[in-house]
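Worksheet: one structure, shown below.
In this chain, residues are counted from 1 in sequence order. If you're wondering where the values come from, they're calculated on a predicted model, not measured in any experiment. Quick note: numbers below take in every heavy atom, side chains included, and nothing from hydrogens, waters or symmetry partners.
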Amino acid sequence: MTTAFQLFAKITPKPEHMQDVRDSLLAILAPTRAEPGCRKFLLLESREADCLYLDEEWANDQALADHYAQDYITPLFAKYEQWLAAPVEVHKMTQLG
C-alpha cells in the first residue's frame, strides 16, 4: 500500500456547462470529505472563472480508487464526457518537506 499523497486536478468545463460542473462538484464535497481515506478535498475556481481545481490529499492509492468507485462519483465522470472542454488534468504529488 502506498503512503499519503496530494492530488491536484484541473477541470475545464465548456462555458455552457460551468454551472453544471460547479454544482456537481459542490454536491460531492461533504460525502467525499467523509470518506475514511480522504484527508483534504477542496474546490477552487480560477479568478477568470473558466476552470475549477480540486486540491486533494488521500491516505493512499486505494483510498483514491475507493473514492472513484463511489456511487456519487461515477455518474459525475459520465457527465464530464459532455460537459468538459478538455480531459481533466490530474497531478499526483508527494510532499518533500
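The side chain to side chain contact (heavy atoms under 4.5 Å, CB included) test with L7 singles out one residue from K92, H91, E57, and that residue is K92.
Residue T32 holds its OG1 atom at 7.5 Å from CD of Q70, rounded to the nearest 0.5 Å. Within the model, atoms CD1 of I11 and CE of M18 stand 9.5 Å from one another, a figure rounded to the nearest 0.5 Å. Remark: W83 CH2 to Q19 CD distance equals 10.5 Å, nearest 0.5 Å. Interatomic distance, CG of L52 versus OG of S24, reported as 10.5 Å (0.5 Å rounding).
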Next on the checklist: Pair L42, L54 - check side chain to side chain contact (heavy atoms under 4.5 Å, CB included), show working.
Outcome noted: CA-CA 6 Å; L42 301 174; L54 290 171; over 6 Å; no

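Using a distance-only test at 3.5 Å, with no hydrogens or angles considered, a donor-acceptor pair links the side chain of S46 to the main chain of C51.
More than 12 heavy atoms of other residues, nucleotides or ligands sit less than 6.0 Å from atom CD of E16.
Membership of the apolar cluster around F8 extends to L44, Y53, M93, as traced through chained side-chain contacts below 4.5 Å between ILVMFWY residues.
Screening residues 45-56 for salt bridge (charged side-chain N to carboxylate O under 4.0 Å, His left out), with sequence neighbours left out, gives R22-E45, K40-D55.
The shortest heavy-atom contact between A27 and P31 is O-CD, 3.6 Å.
Residues V21 and L84 meet the side-chain proximity criterion, which asks for heavy atoms closer than 4.5 Å. For the pair L64/D61, no side-chain contact is recorded, criterion being any heavy-atom separation below 4.5 Å from C-beta on. Here the side chains of F41 and I28 are in contact, with some heavy-atom distance below 4.5 Å.
Donor-acceptor pairing under 3.5 Å is recorded for the side chains of D66 and Q62.
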